[in-house]
Amino acid sequence: MSIYDTLNTEQRKAVEHDKGPLLILAGAGSGKTRVLTHRIAYLMENKGVNPWNILALTFTNKAAGEMRERVDKIVGYGSENIWVSTFHSTCVKILRRWIDALGYDKGFTIYDSDDQKTLMREVCKYLQIDTKNMKERSLLSVISSAKDELVTPEEYELRAVGDFTKQKYASVYKEYQKRLKANNALDFDDLIFKTIELFQTSKEALTYYQRRFQYIMVDEYQDTNTAQFKLIKLMADGMNDNGVREHNLCVVGDDDQSIYKFRGANIYNILNFEKEYSDAKVIKLEQNYRSTKRILEAANEVIANNVGRKDKALWTDNGEGDSVRFTQFDRDIQEAEYIVNEIYQTVQSEEATYQDFAILYRTNAQSRIFEEKLVVKNIPYKIIGSINFYARKEVKDLLSYLKTIDNGLDSLAVKRIINIPKRGIGLATIDKVDDYAARNNISFYEALRQADYIPGLQRAASKISPFVSLIEILKSKIAQPDYSISNLLDEIIEATGYIEDLKEQELENEDDRIEIIGELKSKIVAFEEAALEPPTLSDFLEEVALVSDLDNLAEDNNVVVLMTLHSAKGLEFPYVYLCGMEEGIFPSYMSIHADDPETEIEEERRLCYVGITRAMKRLSLSACNQRMLRGETQFNRPSRFIREIPRYLLTMEQNPFNSNPFRSNSHASLVPEFNNRLQPAGVTRPGNGYQPSGVNYKEKFSNSSGQAGTLNNRDIYAGSIFDKNKSTAPQPREFGGSNLGKIDYGIGDTVSHIKFGVGLVTNINNAGKDYEVTVDFSAAGTKKMLASFAKLQKLS
DNA sequence: CCATTACACATTTTT
DNA sequence: TGTGTAATGG
């Protein structure tokens, strides 16, 4: 029995396809990762393909990591030579080696969206652009789209002739790009763009990678943009050793799960793949292994409302399963309370554990209310997205120190920290230094070093020099062999008094912030420990630039996860709650009122399809008649997507709280007209006659009835089965983290530290809200550390 | 230079 | 509602 015996016919066909372009249309849950990994194994084992010649591209680190793991498992020897990584890190790897051909330094830094915005603010200031009319974000998205479409600033300028606005954009784009280069920095889009530029500039580089990557595989192909496609095409266009162009390009995707058009994903990459490669073979994977029949049929019915999709019919051998449930609540708080309570009950009954549940919503703003209820119920949870760990203030500050030490050319980082903690260096000073730097064509940091010569600085210069010496000292430390990145971080925190400064500011969530610094430290230590050779500071900063918190999902084990539908793509959960199924929320107000609502609604529908197909066992949909949005109450009708699910698949629940008898009547008009088929039909797709009205219920309701204004929380909660008084409980943000305030060891105890190993506690001082612990480590000597920070484990 | 306050603003966002 | 930026006065 071979590993390929477990594949179905189509999967097997895909796995055994070895030469020439291949498009795999893989429906949700059809085992596409399995196919990719098995195909890699097959190529190596049966076709003698050298692992060195295989490239597998994904969009997320998580996907790359999972594929790597699975490939390692089934391939065995030689798997480490297979190049499995994300588009962006692939490009970084290539650029680190060759980018000097484009006039950049190989030690370039990568700017995240925050950095981009800061840089854009500088650009706007310089070009005297009123950011009230042209917002940084929209300018950045113009530039991003240009880069996605491979339009250079020069080309953009040429195309802008005669169009005032576009000319403005062109000058912004030009200046922005100029400054990136001056900072020796690339933004995310540049990583792709510059790699293509490299390939077009250096024949040597292109040929090198074409020869190397004889077999290319691309996951989530529907999400590729024009630039990414160009990149793939360039690499896949090489000749093999016999001078033949084989185009051994295998792309896997699902046009129904294309949900990133707003970010430049070009759906025609997948729809027109066969036109681009006329000899392409197409294989459809239509058997779903994930969901029950009912869930899958609901998904199929919804997505069938889209036109212009590749014809597909997902089916499953799984059981019928429970019926899909749609629950209508009066208010958003009830929705949250009900769902959280149900999760609690289900776990109590030992039917499931917390990690089996996902709460999915359209916008991040919807998470808050669930978080409140989860805290009250003491249920461990994790919110994905909203604020990226690496986007937190404290983390950005400390990383900016590391960046400054690593690459003085990154002026953004230097400017960020020059007055953190406060050194009495203000905007006026920074402007003067900036001026001087620009005039002398040197970097901001270099200008700081020459502060004494900058005219008009007198007093400020004396404040600058200690900062420069500090950075120089730290630079010399990290240059020493055996001096680790975590040592450096400690040194930075100590030398700058960062934590003390944080405490002095007396911010309300001080503990959280300190905990976050501890987390950063752990991440650095973990990174250092995972590396085979001691990693450089640049290595670490690069890693940081390319990770998101979705990547760390596996770290927290038994928690309920909350995330947007976008973040949920590629994941699966036994129990899925799809909440906020309301017109104006999902589909979003923006899509309903877009210039081209048809297209935008289709993207929302694909998002809905993604959401539904995340569920394995049970799917619960819910909507609320009224919800608080940005401080005002909104009244929304249930989502059109609910109506697109045939009635026979759904169990309807009306306001299970049923606390206020008159309410259920007053809202009778909110019950959607359903696709009233009571029996399954064949391959039907009747238009159900529904016309998107685009009219928010808010108008209708407030015109026809004044009741809304007379209701308050008390009315709704009267007779509630839940205790409303609990909702004011204190709110820890996440579980499993800090033990702040209590430590389980004392003087004389033996403890272990993640890095320093085992040691004896010799002293403990009460340092405000934290403890300063002195430990005598057998290997590392005596160290003083903050308890919240060091995460010491008691051994005896 | 820094703290306070007023004000605008708010889809989704793998990297 | 709640956050992050711009304007203001000390």
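Protein chains get the first letters and strands the later ones, always in sequence-line order, with residue 1 at the start of each.
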(Q) What's the closest nucleotide to the side chain of His88(A) if the choices are dT15(B), dG2(C), dT11(B)? (A) dT15(B)
(Q) Once you apply a heavy-atom cut-off of 4.0 Å, does Ser588(A) come out as touching a base, just sugar-phosphate, or nothing? (A) base
Q.
Using 0.5 Å steps for rounding, measure from the CG atom of Leu520(A) to the CG atom of Leu402(A).
A. 7.5 Å
Q: Determine the interplanar angle of the His566(A) and Tyr260(A) rings, folded into 0 to 90°, and report it as parallel if under 30°, tilted if 30 to 60°, perpendicular if over 60°.
A: tilted
Q. When the nearest nucleotide of DNA chain B is assigned to Ser591(A) and to Ser89(A) on a heavy-atom basis, which residue is associated with the more 5' position?
A. Ser591(A)
Q) Over how many whole Å does the gap from Glu136(A) atom CD to dA10(B) atom C1' extend? A) 15 Å
Q) Hey, does Ser113(A) reach any base, or is it just sugar-phosphate, or nothing, if we go heavy atoms under 4.0 Å? A) nothing
Q | Interatomic distance, Asn266(A) CG vs dT14(B) P [rounded to whole Å] | A | 20 Å
Q | Asn61(A) side chain, from C-beta outward: closest of dT14(B), dT15(B), dT3(C) | A | dT15(B)
Q. Which nucleotide in the set dA10(B), dT3(C), dT5(C) lies at the smallest distance from any side-chain heavy atom of Arg368(A)?
A. dT3(C)
Q: Look at the rings of Tyr361(A) and Phe370(A) and say which category their plane angle falls in: under 30° parallel, 30 to 60° tilted, over 60° perpendicular.
A: parallel
Q.
Closest approach to the side chain of Thr86(A), judged atom by atom: which nucleotide of dT11(B), dT15(B), dT14(B) is it?
A. dT15(B)
Q | dC1(B) - base-pair partner by Watson-Crick or wobble geometry, distances under 3.5 Å | A | dG10(C)
Q) Is Thr564(A) near enough to dT13(B) that one of its side-chain N or O atoms lies under 4.0 angstrom from OP1 or OP2? A) yes
Q: May I ask you to verify if any side-chain N or O of Asn364(A) is less than 4.0 angstrom from the OP1 or OP2 atom of dT13(B)?
A: yes
Q. What's the closest nucleotide to the Lys135(A) side chain, out of dC9(B), dT15(B), dT11(B)?
A. dC9(B)
Q: Look at all strands and tell whether Asp223(A) reaches a base, only sugar-phosphate, or nothing, counting heavy atoms closer than 4.0 Å.
A: base
Q) Which nucleotide in the list dT11(B), dT13(B), dT1(C) gets nearest to the side chain of Met628(A)? A) dT1(C)
Q) Rounded to the Å, how far apart are Leu140(A) CG and dT13(B) C1'? A) 13 Å
Q: Look at the side chain of His566(A) and decide which nucleotide, out of dT14(B), dT11(B), dT12(B), has an atom nearest to it.
A: dT12(B)
Q: For Ala428(A), report the nucleic acid contact type (base, sugar-phosphate, nothing); a contact means any heavy atom under 4.0 Å.
A: sugar-phosphate
Q: Tell me what Phe87(A) touches on the nucleic acid: a base, only sugar-phosphate, or nothing, going by heavy atoms under 4.0 Å.
A: nothing
Q. Of Gly424(A) and Glu600(A), whose nearest nucleotide on DNA chain B comes first from the 5' end?
A. Gly424(A)
Q: Return the stacking result for dT12(B) and Phe262(A): yes when the ring centres lie under 5.5 Å apart and the planes under 30°, no otherwise.
A: yes
**Q.** Parallel, tilted or perpendicular: rings of Tyr209(A) and Phe199(A) (30°, 60°)
**A.** tilted
Q: Side chain of Ser567(A) only, please: which of dT13(B), dA10(B), dT15(B) is the nearest?
A: dT13(B)
Q. Between Glu136(A) and Lys117(A), is there a side-chain N and carboxylate O pair less than 4.0 Å apart?
A. no
Q. What does dT12(B) pair with, Watson-Crick or G-U, if both distances are under 3.5 Å?
A. none
Q: Please state whether the phosphate of dT13(B), meaning OP1 or OP2, lies under 4.0 angstrom from any side-chain nitrogen or oxygen of Arg362(A).
A: no
Q: May I ask you to establish whether Lys415(A) and Phe444(A) are in a cation-pi arrangement, using a distance under 6.0 Å from NZ or CZ to the six-membered ring centre and at most 45° from the ring axis?
A: yes
Q) Below 4.0 angstrom from OP1 or OP2 of dT11(B), is there any side-chain N or O of Arg263(A)? A) no
(Q) Heavy atoms only, 4.0 Å cut-off, all strands: where does Glu604(A) land among base, sugar-phosphate and nothing? (A) base
(Q) Distance check needed: dC1(B) P versus Asp431(A) CG, whole Å only. (A) 10 Å
